[in-house]
Amino acid sequence: MALTSKKQKKPLKKASTSKKLTSGKKYVYYFGDGKAEGTAQMKDLLGGKGAGLAEMTNLGIPVPSGFTITTEACREYFSLGKKFPDRMWEEVLNNLKNVEKSMNSEFGNPENPLLISVRSGAKFSMPGMMDTVLNLGLNDETLKGLIKKTKNEKFAYDTYRRFITMFGSIVTNIDRKKFEDLLEEAKKAKDVQLDTELDAKDFKTLVKKYKELYKKETGTNFPSDPYEQLRMAIKAVFDSWYGDRAATYRRLHGIPDDLGTACNIVAMVFGNMGENSGTGVGFTRDPSTGEKKFFAEFLVNAQGEDVVSGIRTPLKIEELKRRMPKIYSQLEKICNKLEKHYKDMLDIEFTIQEGKLYMLQTRVGKRTAAAAIKIAVDMVNEKLIDKKIALLRIEPEQLNQLLHPTIDLKAEVKVIAKGLPASPGAAVGRVVFSAQDAEEWVEKGERVILVRNETSPEDIGGMAVAQGILTARGGMTSHAAVVGRGMGKCCVVGCGEITIREEEKCFTAGEITVKEGDYITLNGTTGEVILGQAPLVMPKLSKEFYTIMQWTDELSKLKVRANADTPKDARVARDFGASGIGLCRTEHMFFDPDRIRAFREMILSDNIDQRKKALDKIKPYQKKDFIGIFKEMKGLPVTIRLLDPPLHEFLPKTDEEIEILSNEMGVSIRRIKSKIKALEEFNPMLGHRGCRLGVTYPEIYEMQVRAIMEAACELAKKKIKVIPEIMIPLVAHVNELKLMKELTVKTSEDVMKQYRIKVEYKVGTMIELARAAITADQIATEAEFFSFGTNDLTQSVFGLSRDDAGKFLPFYIDNKIIEDDPFITIDTEGVGQIMEIGVKKGRKTNKNLKVGICGEHGGDPKSIEFCHKINLNYVSCSPYRVPIAKLAAAHANLKGKGAEVIKSTV
Ligand code: PEP
Ligand code: MG
């Protein structure tokens, strides 16, 4: 505690120095008086918070003294069946002595008490874990000392009742609302609005009531022994590591379960000692936009919990500049020093006690994707970091946020309220008022907006599934804002214009009442709340975004293509810097009403002549699409896959659809039904599909090749460069490919002769069956390129139906039977090995073989890393994932050269 008393009556015991451990582990690391045993590099052992406190101390930044119990101690605590490891407690006591000496006060001393804070702090910041317990060390006796020292009874009783609230709710899990209700009662009785308007007597009464509540809820008296309080708080910190909220957070953010948390014990400094005290949190740059500007909020006469809990709306930091200019400029200098030292954007927590500034925390600050990009590019320009570090600082998956839609500016919308724009983007959904409802509604296929007065860590599951989050209270650093930004979720907070009535499941904004299930739209960039479903458009990307994309090209080995079936998708892909199209699924072109009619006619044909006639009707459509796509790709390669799915997928399903088709085609219902019956298969995914269609109905593939080559030749005649790559699907045996290649080459040569022009084209195959990968050496003699269709490959190698696995795979993942969904992340041990065999064998007989991947895995960062490792030439993914894949490809390359990814955005 920084409340140093010069007039202490009882002499302090001489503090013993940290006991040197001659052997064994060291569980506790001290910091104080400008020197720390830890450093920033010791995050694994000290957690992010502990390492930050140590580093700030070493940098000569004012930090109250304290110590960190290591993550190792936490791990051992669990392995010992929730018992402190030998000597840990002894080390805690020794270090506490050092804090006492440094702060010139004594833990538990009724004359001159040292009060401490206890906080969790894992390697990665985790909002799901134990919050801070402040003011620990208070009891009826030490309270007297606090009153005497501060000559401020109101402050002392306020501090005591806060301590009981935090200890009761955080350490012993009493519902915090029960404490708050008592506080509300007290305010109501006195007819005041703010806690600060209560007096010493009110707080004294509250302390009494809180203790009664504690006894009622726990069956025991509130612990008066400060050491017992400390022991219980440390245990609660450790236990919170395996709490449900922390476990959920780790699962959502891919943080390993076995890291454990550190526990930080720091001398208290008080921001609630009057108008020249205060407390705040902030960032060295704007965490939403990345702008180089100190960004913070603070509250006068408050403790840290008041700022983050969102109960009182904090003031902008500019107000601090006005009220306490010296403190403001000291804070700004510290921020600059920290940024120069860490070479990153940081978040900070500070307290001002009676005009003196203390830093309580610093760590790498969480930021939106837009901010991550701007900060990375700016810091390269400021020569703080190089391009490689800049790229490694941005998480690929996080770019998703930027690729989210925003509200169409041209649309007329009805804005009903405005809050703080905490996390950008736009979200449309139906209103729900609890995290549980959010999860249930989403399960039923609804899109929801979670509306809460304020969120708490229990809400994390609901926040994760909601499209967006709206809170009535809280600032830009409230739980909802921080978590929303971390998740890349559109979020509007502190929207005081709405009144939420959770019990009645509605909120009002002026005259308007919005009920559960009503649609609203949030604009996370402006803070607007809009009634109904506003139309959304894709966002404009910043110049820094394109700089980052350019750097990914410079620093990657893998190229990134896109899976695109339409000219519109092709344009998106090119705009994002795709280096070609890796998969154009031609079957998607048949679903428009005119086309499906012709296609159905083709399927229902009884003989080859009829079939060819129908195919002639389809060809112009296909050709038109190919021309559009080729034009958009401006000379980049376009891989077009010939027809793949089983034919019955195109046939009508219901009686009504069959009747319409029968009328349209002048074919009897009976005939259509019998054809459908004839096409039925027990196992269609392994049935008459892929190149098997081409082998048995060569006229289908011939038409498609003709359409591709006619489109290419027509454009080539106009001097527009095109590189078609014709891809044969579901090949299992080299002879299938051989046949289809002959057909492709013959047809292509025919078309080129007809157009009297030569076009460069390639013929290749998908590798999506194990047999194809294992016999890749044979297949490669007929193929100029391979593209791994890892959707089918996973299905066939794993023996898992793509369409049915969803029913049981989540159970496998939840129960850790397998780590990742193999349809999202390549199962490297199984499917991956088969791929590796395919690449090696294929290149053995065809040195120039180009190899890519076009299954969904092509857009998944972990899978991309694997593709880099096995030396693929490119990955292909959905157009909107191209930027993510490009960054992941650069990461894979840099990691392959030993770089470590910096998780500044979790
Ligand atoms: C694949 O199987 O991975 C693939 C890209 O093809 P589709 O998903 O169309 O079967
Ligand atoms: Mg496939």
Side-chain angles (χ1 to χ4, degrees), residues 560-566 569 573 578 580-591 638-650 681 683-694 700-701 704 725-733 736-737 740 764-773 776 779 783 785-806 821-828 830-832 834-835 838-839 850-860 863-864 866-867 870 872-879 881-882 885:
V560 176
R561 294 192 182 189
N563 294 355
D565 312 327
T566 63
D569 280 354
I581 287 179
L583 174 63
C584 170
R585 291 175 163 106
T586 47
E587 61 270 15
H588 290 173
M589 296 169 168
F590 297 126
F591 284 102
V638 178
T639 307
I640 298 167
R641 177 178 78 185
L642 303 185
L643 192 66
D644 181 30
L647 294 181
H648 70 82
E649 278 193 14
F650 300 93
E681 290 180 298
N683 215 337
M685 287 309 257
L686 297 177
H688 197 183
R689 59 169 285 215
C691 68
R692 298 159 196 177
L693 289 171
I700 300 178
Y701 276 17
Q704 291 197 293
E725 297 180 339
I726 298 168
M727 181 155 76
I728 315 296
L730 214 79
V731 164
H733 195 288
E736 293 173 311
L737 180 60
M740 292 302 96
T765 180
M766 294 196 64
I767 302 288
E768 43 191 347
L769 294 172
R771 193 184 190 286
I779 290 180
F785 64 88
F786 281 176
S787 179
F788 284 104
T790 41
N791 303 334
D792 273 309
L793 191 63
T794 301
Q795 171 168 261
S796 58
V797 170
F798 227 114
L800 260 180
S801 159
R802 290 164 68 161
D803 306 305
D804 303 314
D821 182 337
F823 289 108
I824 295 173
T825 297
I826 290 173
D827 154 46
T828 51
V831 179
I834 299 273
M835 290 171 73
V839 177
K850 212 161 44 161
V851 189
I853 172 177
C854 62
E856 285 309 299
H857 308 85
D860 167 61
S863 310
I864 292 170
F866 177 74
C867 293
I870 63 166
L872 296 199
N873 298 91
Y874 68 86
V875 296
S876 189
C877 57
S878 108
R881 289 194 75 82
V882 165

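These numbers come from the heavy atoms of this one structure, side chains and all, not from hydrogens, waters or symmetry mates. In this text the structure is predicted, and so the values were computed from the model without any measurement. Just follow the structure's listing: the first ligand is 1, and inside any ligand the first atom is 1.
- Looking at Thr765, its side chain does come within 3.5 Å of a backbone N or O of Ile728 through a donor-acceptor pair.
- A donor and an acceptor atom, one from each side chain of Ser796 and Glu768, are nowhere located under 3.5 Å apart.
- Atom CE of Met685 sits about 4.5 Å away from atom CZ of Arg802, to the nearest 0.5 Å.
- For Glu587 (side chain) and Pro645 (main-chain N/O), no donor-acceptor pair under 3.5 Å exists by modelled atom type.
- Protein N/O/S atoms found under 2.8 Å from the Mg ion (ligand 2): Glu768 OE1, Asp792 OD2.
- Judged by distance alone, the side chain of Glu736 and the main-chain N or O of His733 form a donor-acceptor pair under 3.5 Å.
- In this structure, CZ in Phe788 is found 9.0 Å from CD1 in Ile826, a value given to the nearest 0.5 Å.
- Here the options are Thr825, Thr828, Val875, Val831, the test is side-chain contact (heavy atoms from CB on, under 4.5 Å), and the partner is Ser863; only Thr825 passes.
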Provide, line by line, the atom pairs where ligand 1 and the protein bring an N/O atom each to a distance under 3.5 Å; else say none.
from: ligand 1; atom 1: 2 (O); to: Glu768; atom 2: OE1; distance (Å): 3.0
from: ligand 1; atom 1: 2 (O); to: Asp792; atom 2: N; distance (Å): 2.9
from: ligand 1; atom 1: 2 (O); to: Asp792; atom 2: OD2; distance (Å): 3.0
from: ligand 1; atom 1: 3 (O); to: Gly789; atom 2: O; distance (Å): 3.3
from: ligand 1; atom 1: 3 (O); to: Thr790; atom 2: N; distance (Å): 3.0
from: ligand 1; atom 1: 3 (O); to: Asn791; atom 2: N; distance (Å): 2.7
from: ligand 1; atom 1: 3 (O); to: Asn791; atom 2: ND2; distance (Å): 3.2
from: ligand 1; atom 1: 6 (O); to: Arg641; atom 2: NH1; distance (Å): 2.9
from: ligand 1; atom 1: 8 (O); to: Arg585; atom 2: NH2; distance (Å): 2.8
from: ligand 1; atom 1: 8 (O); to: Asn791; atom 2: ND2; distance (Å): 2.9
from: ligand 1; atom 1: 8 (O); to: Arg802; atom 2: NH2; distance (Å): 2.8
from: ligand 1; atom 1: 9 (O); to: Arg585; atom 2: NE; distance (Å): 2.8
from: ligand 1; atom 1: 9 (O); to: Arg585; atom 2: NH2; distance (Å): 3.2
from: ligand 1; atom 1: 9 (O); to: Arg641; atom 2: NH1; distance (Å): 3.0
from: ligand 1; atom 1: 9 (O); to: Arg641; atom 2: NH2; distance (Å): 2.9
from: ligand 1; atom 1: 10 (O); to: Asp792; atom 2: OD2; distance (Å): 3.0
from: ligand 1; atom 1: 10 (O); to: Arg802; atom 2: NH1; distance (Å): 2.9

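- Atom CZ in Arg641 sits 7.0 Å away from atom OG1 in Thr586 (nearest 0.5 Å).
- Side-chain contact check for Ser876 and Asn563: at least one donor-acceptor pair (N or O, by modelled atom type) lies under 3.5 Å.
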